[in-house]
S.K.: 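Before I ask anything, here is the structure I am working with.
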Amino acid sequence: MRLLLVEDDDHVAAALTAILTRHGFAVTHARNGEEALKAVLPTGDAGRAPFGVVLLDLGLPDQDGYQVCGKLRKLTSTPVIMVTARSDVRSRIHGLNLGADDYVVKPYDTGELLARIHAVSRRAAGGTDPEDTGSTPLPGGAAAPLRLGAVEVELPTRRVSVQGAVVQLTRKEFDLLALLAQRPGVVFRREQIISEVWRTSWEGTGRTLEVHVASLRAKLGTPALIETVRGVGYRLVAP
């Protein structure tokens with residue numbers, strides 16, 4: 001996958017580029033907003049694949065990252081992940097409302113950043129990749145179920161069972177469980193869950209998320225499976 005990294009700090013960009021390259025990404029580095037906007041414009045090179053994801057720092061030297069995000073959204077539908085030290089809720093809400101697909105606060109765990117990159121690219125492609133989700137391909141192209149102790153999640157058929165007994169979930173309950181189950185152990189921020197499952201911003205939706213988590217815990221009969229990370233979000237604890 002081609003990835004556009006918009007970062008004005010060359011040392012940070014070099015370190016992140018090395019990590020991303022080791023994980024199979026072809027990274028293009030833009031040092032400011034102008035370079036980023038030029039990079040996404042069509043070049044006429046039919047053999048050149050478009051960017052799969054844009055990692056956008058907000059503290060750019062020539063223009064504010066929020067402005068760049070708004071301009072990028074008018075030029076391309078490529079997923080944008082804001083990567084910034086601005087951790088307040090208002091900033092995150094503003095970024096998501098401008099069209100960002102996710103928002104990662106520095107300092108971040110590299111594994112979490114990689115998981116978020118795969119998540120937004122998978123969603124943009126309109127499907128799931130067995131390699132990205134941790135599922136194992138089966139003969140005929142099917143994906144093996146995700147097994148989490150007694151809980152089994154079949155993504156293609158949207159079927160969930162506990163010790164072989166099918167559990168009836170609502171659409172949002174399944175989407176929430178599937179999101180967490182594809183990255184066991186990874187902490188998903190509340191804002192990211194709301195963005196990916198409900199396709200909206202955090203404002204006014206927090207209580208809805210809490211209700212769905214409580215309902216999932218009750219239906220699955222394993223409350224400890226979904227852990228609340230206080231002040232951050234939720235993660236699925238693999239048995």
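Hydrogens, waters and symmetry mates are skipped; everything else that's a heavy atom, side chains included, is used. Not measured: the values here are computed from a predicted model.
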S.K.: With a 4.5 Å cut-off on side-chain heavy-atom distances among I, L, V, M, F, W and Y, is there a chain of contacts connecting V27 to V120?
M.R.: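 Shared cluster, yes.
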S.K.: With rounding to the nearest 0.5 angstrom, report the NZ to CG distance, K74 to L37.
M.R.: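 K74 atom NZ to L37 atom CG measures 11.0 Å (nearest 0.5 Å).
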S.K.: Quick test of your reading of the model: are R86 and D64 salt-bridged, counting only N-O distances below 4.0 Å?
M.R.: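 Yes, charged N to carboxylate O under 4.0 Å.
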S.K.: Quick check for you: to the nearest 0.5 Å, what is the distance between F25 atom CZ and I117 atom CD1?
M.R.: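 One gets 5.0 Å once the value is rounded to the nearest 0.5 Å.
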S.K.: Using 0.5 Å steps for rounding, measure from the CD atom of Q63 to the CG atom of N32.
M.R.: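 One finds 7.5 Å between CD of Q63 and CG of N32.
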S.K.: Can you tell if the side chain of T84 reaches within under 4.5 Å of the side chain of Y103, non-hydrogen atoms only?
M.R.: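 When only atoms from C-beta onward are counted, Y103 and T84 do touch, with a gap below 4.5 Å.
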S.K.: Are H118 and Q182 close enough, and set up right, to give a side-chain contact (heavy atoms from CB on, under 4.5 Å), and what steps lead you there?
M.R.: CA-CA 11 Å; H118 286 303; Q182 289 175 77; over 6 Å; no
S.K.: Can you tell me how far apart CZ (R183) and CD (E112) are? Round to the nearest 0.5 Å.
M.R.: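 The CD atom of E112 is 11.5 Å from CZ of R183, to the nearest 0.5 Å.
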S.K.: Do R22 and I19 touch side chain to side chain, with heavy atoms closer than 4.5 Å?
M.R.: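 Heavy-atom side-chain distance check passes, below 4.5 Å.
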S.K.: Backbone N or O of V80 within a donor-acceptor pair of the D101 side chain at under 3.5 Å?
M.R.: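 Side chain of D101 to backbone of V80: a pair is present.
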S.K.: Starting from the C-alpha separation in whole Å, work towards a yes-or-no answer on side-chain contact (heavy atoms from CB on, under 4.5 Å) for V68 and K71.
M.R.: CA-CA 5 Å; V68 177; K71 294 175 182 178; 5.8 Å; no
S.K.: Side-chain polar contacts of residues 228-236 - donor-acceptor pairs under 3.5 angstrom, sequence neighbours left out - could you list them?
M.R.:
from : atom 1 : to   : atom 2 : distance (Å)
T228 : OG1    : R217 : NH2    : 2.9
R235 : NE     : E227 : OE1    : 3.0
R235 : NH2    : E227 : OE1    : 3.4

S.K.: Quick one: does Y66's side chain have a donor or acceptor within less than 3.5 Å of a partner on S91's backbone?
M.R.: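 Looks like yes, one N/O pair under 3.5 Å.
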S.K.: Mind checking whether L16 and L113 have side chains closer than 4.5 Å, heavy atoms only?
M.R.: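 The answer is yes, as the side chains (C-beta and beyond) meet within the 4.5 Å cut-off.
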S.K.: Using modelled atom types only, decide if a donor and an acceptor are shared between the side chain of E7 and the backbone of D9 within a distance under 3.5 Å.
M.R.: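 Yes, E7 side chain to D9 backbone: donor-acceptor pair under 3.5 Å.
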S.K.: Would you please test H23 and L3 for side-chain contact (heavy atoms from CB on, under 4.5 Å) and show each step?
M.R.: CA-CA 12 Å; H23 284 82; L3 185 148; over 6 Å; no
S.K.: To the nearest 0.5 Å, what is the distance between OG1 on T208 and NZ on K172?
M.R.: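 Reported to 0.5 Å precision, the distance equals 10.5 Å.
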S.K.: Please tell me if the side chains of T222 and V162 come closer than 4.5 Å, counting only heavy atoms from C-beta onward.
M.R.: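 A side-chain contact is absent here, since even the closest heavy-atom pair is not under 4.5 Å.
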S.K.: For R92 and S87, indicate whether the former's side chain and the latter's backbone hold a donor-acceptor pair under 3.5 Å.
M.R.: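 Indeed, once roles are kept as given, a pair shorter than 3.5 Å links the two residues.
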S.K.: Would you check if R73 and L98 make a side-chain contact, meaning some heavy-atom pair closer than 4.5 Å?
M.R.: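 No, every pair of side-chain atoms sits at 4.5 Å or beyond.
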S.K.: Quick check on the hydrophobic clustering: are L179 and L177 connected, directly or via other members, by side-chain heavy-atom contacts under 4.5 Å?
M.R.: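 Cluster IDs for L179 and L177 match.
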S.K.: Determine, using the 4.5 Å side-chain heavy-atom cutoff (strictly less than), whether L225 and L180 are members of one ILVMFWY cluster.
M.R.: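 L225 and L180: one cluster.
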S.K.: Decide side-chain contact (heavy atoms from CB on, under 4.5 Å) for I226 and L176; before the verdict, give the C-alpha distance in whole Å, the side-chain angles of both, and the deciding distance to 0.1 Å.
M.R.: CA-CA 11 Å; I226 301 176; L176 172 58; 5.8 Å; no
S.K.: Output every pair passing ring-ring contact (aromatic ring centres under 6.0 Å, His included) with a member in residues 148-187, not counting sequence neighbours, ordered by first then second residue.
M.R.: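 Every pair satisfying ring-ring contact (aromatic ring centres under 6.0 Å, His included) with a residue in residues 148-187: there are none.
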S.K.: Let me check something: do V186 and V213 share a hydrophobic cluster, defined by ILVMFWY side-chain heavy atoms less than 4.5 Å apart, either directly or through other members?
M.R.: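 Cluster IDs for V186 and V213 match.
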S.K.: Under 3.5 Å, side chain of R158 to main-chain N/O of V153, donor-acceptor pair present?
M.R.: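 The answer is no, because no donor-acceptor pair under 3.5 Å joins these two groups.
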S.K.: Hey, does the side chain of H94 reach the backbone of R90 with a donor-acceptor pair shorter than 3.5 angstrom?
M.R.: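 Pair absent, no side-chain N/O of H94 close to backbone of R90.
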S.K.: Grab the two heavy atoms, one from L148 and one from P184, that are nearest each other, plus how far apart they are.
M.R.: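 Heavy atoms of L148 and P184 come nearest at CD2-CG, 4.3 Å.
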S.K.: Do you know the tightest heavy-atom contact between C69 and G99?
M.R.: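 Shortest heavy-atom separation between C69 and G99 comes out as SG-C, 4.3 Å.
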S.K.: For Q192 and F188, indicate whether the former's side chain and the latter's backbone hold a donor-acceptor pair under 3.5 Å.
M.R.: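 Judged by distance alone, no pair lies under 3.5 Å.
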S.K.: Name each donor-acceptor pair under 3.5 Å that joins a side chain in residues 55-62 to protein atoms two or more places apart or in another chain, with its distance.
M.R.:
from : atom 1 : to   : atom 2 : distance (Å)
D57  : OD1    : K106 : NZ     : 3.3
D62  : OD1    : G33  : N      : 3.0
D62  : OD2    : G33  : N      : 3.2
D62  : OD2    : E34  : N      : 3.0

S.K.: Of the non-hydrogen atoms in V187 and R116, which two are nearest, and what is the gap between them?
M.R.: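 Looks like O-NH2, 3.8 Å.
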S.K.: Looking only at heavy atoms, what is the nearest atom pair of A30 and A36, with distance?
M.R.: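 In this case the closest contact between A30 and A36 is CB-N, 3.6 Å.
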S.K.: Side-chain heavy atoms nearer than 4.5 Å, only ILVMFWY residues, links allowed to pass through others: does that put Y108 and I81 together?
M.R.: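 Per the 4.5 Å side-chain linkage, Y108 and I81 are co-clustered.
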S.K.: Mind checking the CZ-CD spacing from R147 to E152? Nearest 0.5 Å is all I need.
M.R.: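 The CZ atom of R147 sits 4.5 Å away from the CD atom of E152.
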